[in-house]
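Quick notes on the structure that follows.
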2 protein chains.
Amino acid sequence: MHVRRPATLASLAAELGVSRTTVSNAYNRPDQLSPELRRRVLETARRLGYPGPDPVARSLRTRKAGAVGLLLTENLSYAFRDPAALAFLEGVALACEGAGQGLHLVPVNPEREDITAVHRAGVDGFIVYSVPDDDPHLAAVLSRPVPTVVCDQPRVEGVDRVGIDDRAAIAQLAQRLITLGHRKVGVLCMRLARDRNDGFAAIDRQRTAHFHVQKARLAALNEAFSAAGVDWAGVPVVERFDHSQASGASAAAQLLDKHRDVTALICTSDILALGALAEAKRRALRVPQDLSITGFDGIADAERAGLTTVRQPMLDKGRAAGTLLLDTVDRGRPREITLPTELIVGSTSAQPRTAEERWFGP
Amino acid sequence: MHVRRPATLASLAAELGVSRTTVSNAYNRPDQLSPELRRRVLETARRLGYPGPDPVARSLRTRKAGAVGLLLTENLSYAFRDPAALAFLEGVALACEGAGQGLHLVPVNPEREDITAVHRAGVDGFIVYSVPDDDPHLAAVLSRPVPTVVCDQPRVEGVDRVGIDDRAAIAQLAQRLITLGHRKVGVLCMRLARDRNDGFAAIDRQRTAHFHVQKARLAALNEAFSAAGVDWAGVPVVERFDHSQASGASAAAQLLDKHRDVTALICTSDILALGALAEAKRRALRVPQDLSITGFDGIADAERAGLTTVRQPMLDKGRAAGTLLLDTVDRGRPREITLPTELIVGSTSAQPRTAEERWFGP
DNA sequence: ATGAAAGCGCTAACAC
DNA sequence: GTGTTAGCGCTTTCAT
């Protein structure tokens, strides 16, 4: 039993006694040759076990890979657990599907700085989802001579972007709390930089955050509460590296342990807020009577929990990113798409108790 | 302003006055040249804007794409909605990540027969998830000279497979219902073939089903209930093309409208079962007193609903498929991995009411 | 440690 | 309608 070298377009042509062009045409331009000849070519191909033009060779020649690369902040498997990331992914998939493009998920380990996967990906462009401004993978992507679209963060000079107005969105939420009368608030936020800092984040860390979305939201909160006469330096901000309900719960615990007087917990994601909700329950704090809690994103579980939050259209974001990347027409000028958000007033926010109520009951 | 042709490895070599080999080595085999020279190469690359070796050209040369193709039954976007498919995806992603391989999702439209995306995908192998035996995309995959692993269905001679023992799994469930005393049952199943048939599926259609998993489950139910003295020809089986809770609800409605006497609804997926549950509620049928309902898969929502079902390890399936494909070692003999399943007895199954109870209440 | 030569398998001008 | 020519950009023996 011998190992036959696999047939190639050239060997097929030789076998048939025609040129390689003809064989190529048989596959790619049926109208360029007689149906009869084409039939013969395909027939012989079958006989020889020729599987059709090699996609990689074709890509090299045509300079088209037929796929879009997707780079996520986290391990791939994380993305499949986070509802927001998932909706984004679905949107991207929708766009790819519509254009008949493959979706190449780039394997990334945020702990290690191995960017070879970015260099190895045979794709026509990249979508980068929500990474820190100093992410080495992002740098690797930008070094490649293919179009790129960044979703959410960071904003990069000359690179297309789709996102929301984070400042305006959370300012609306802040305004709501301020109007309700909250002056002693605490904040639970996501990772601010690539290093793990599970604990309080002082102003300096807030200001130098590498995750622009978190940074923008904190800055907007700062502005809003400062304008309402609150000294931002006194507002506790607790940061968590991992994005999970457990993180939200522990962050809430950490904050409440040290600042028993806060009347509202502003969380920069619904996941964190749901965790905070759980912690509040554990402590027998009534929400919203004893404590208001707000989230961000508008995921299904948040809605179910009646969370006061900001809804952002994640699926549309994904689709917009995909469309932007695939839309070869008016590429050139850097483009930016800002999607609308909507304040959702749920049942987890209300007026704070007065000092009296605090001591003598509602 | 002029468009400079992008730098290539060759142009870089020319600029430096060294051979292409040396430049290549600078990237791929740092130990093959002096640190000093390497530094100079990389430095010049930066200056010229050379992004490093082109991944496609490299793939052509090395015959390695560094990515795994994934072919799903449904639209890509569907996969991000179905919890079972999602868990599978996550498992595959985990395996890919571990091996530093990209995950290339092949865009497929099950309605159209466009298999070009399969031919265009630059991948080192394919994972095919749960497709009908006559799926043209599957045929396209098998025609390509790369290793393939099929998950669930269909079983293909000589192709690696990972799955569960569908017959045994559902037989266990059937046995449970039989033991409880159910003799008048109905079945809700998923798509049996590529054509849309939203309605009753007669025995002939069951027998000629192209989705082997559904076929096997129906056959096992047939066997179990026949052995219990039930005439399978009289058991209504309702099929749905779309896999959604809405489908489950409408299928349940269709079945119950025509067969008011069934005491149990066996669904071949949790999604369908959750829909059936909703329809039962709508009809003010108490579950399980008036009607037992069972599912299949063991998704989180099913557990939450207390569904009696069969749990299968979807994440492990994905991981196993990935590992099998990536494990180049003992390829050769076709391999088959069968994962264990577990019967979950929830609160949606109980003894059927007796005829008396039916008329006079519990 | 570095270079020369030989393709990987294919497609796109352009000629006939 | 079919063939000729010329690479796409890279890696890899094998010499030196």
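This one's a predicted model, so the numbers in the text were calculated from it and none came from an experiment. Throughout, protein chains are lettered first and strands after them, A, B, ... in sequence-line order, and every chain is numbered starting at 1.
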inquiry  = For the backbone of A:G102 and the side chain of B:R120, can you confirm whether one donor and one acceptor N or O come within less than 3.5 Å of each other?
reply    = no

request  = Please answer whether the main-chain N or O of B:V68 pairs with a side-chain N or O of B:Q101 as donor and acceptor at a distance below 3.5 Å.
outcome  = no

ask   = Rounding to a whole Å, what distance do you find between A:D54:CG and C:dG9:P?
value = 7 Å

request  = Could you tell me whether the side chain of B:T73 and the main chain of B:S130 form a donor-acceptor pair under 3.5 Å?
outcome  = yes

ask   = Parallel under 30°, tilted from 30 to 60°, perpendicular over 60°: which one fits the rings of A:Y50 and A:Y27?
value = perpendicular

N/O-N/O pairs, protein side and nucleotides 4-7 of chain D side, under 3.5 Å:
| from | atom 1 | to | atom 2 | distance (Å) |
| --- | --- | --- | --- | --- |
| D:dT4 | O4 | A:T21 | OG1 | 2.5 |
| D:dA6 | N6 | A:R20 | NH2 | 2.9 |
| D:dG7 | N2 | A:R61 | NH1 | 3.0 |

task = Find the distance A:L9:CG to C:dT11:C1' and express it as a whole number of Å.
result = 9 Å

inquiry  = Looking at B:L324, is its backbone amide N or carbonyl O close enough to the side chain of B:R335 to form a donor-acceptor pair, meaning the two atoms are under 3.5 Å apart?
reply    = yes

query = What nucleic acid atoms does A:V56 come within less than 4.0 Å of, heavy atoms only: base, sugar-phosphate, or nothing?
reply = nothing

request  = Using whole Å, report how far CG of B:L60 lies from C1' of C:dA6.
outcome  = 13 Å

query = Over how many whole Å does the gap from A:K64 atom NZ to C:dC10 atom C1' extend?
reply = 16 Å

message = Is B:T22 close enough to C:dG3 that one of its side-chain N or O atoms is under 4.0 Å from OP1 or OP2 there?
response = yes

ask   = When rounded to the nearest 0.5 angstrom, what is the spacing between CG in B:L72 and OH in B:Y78?
value = 10.0 Å

key: Side-chain heavy atoms of B:R38 within contact of B:L42, under 4.5 Å   = yes

task = Starting at atom CG of B:L16, determine the distance to atom C1' of C:dT2, rounded to an integer number of angstrom.
result = 13 Å

task = Could you state the atom-to-atom distance from CG of B:L12 to P of D:dT11 in whole Å?
result = 12 Å

query = Any side-chain N or O of A:R63 less than 4.0 Å from the OP1 or OP2 oxygen of D:dC8?
reply = no

request  = Anything under 30° is parallel, anything over 60° is perpendicular, the rest tilted; go ahead and classify A:Y129 against A:F88.
outcome  = parallel

query = Which whole-number value in Å describes the distance from A:R58 CZ to C:dC8 P?
reply = 19 Å

Sequence neighbours excluded, every pair satisfying salt bridge (Lys or Arg N to Asp or Glu O under 4.0 Å) that has a member inside residues 121-136 of chain A = A:D134-A:R194

ask   = Among residues 23-36 of chain B, which contact DNA chain D at a heavy-atom distance under 4.0 Å?
value = B:S24, B:N28, B:R29

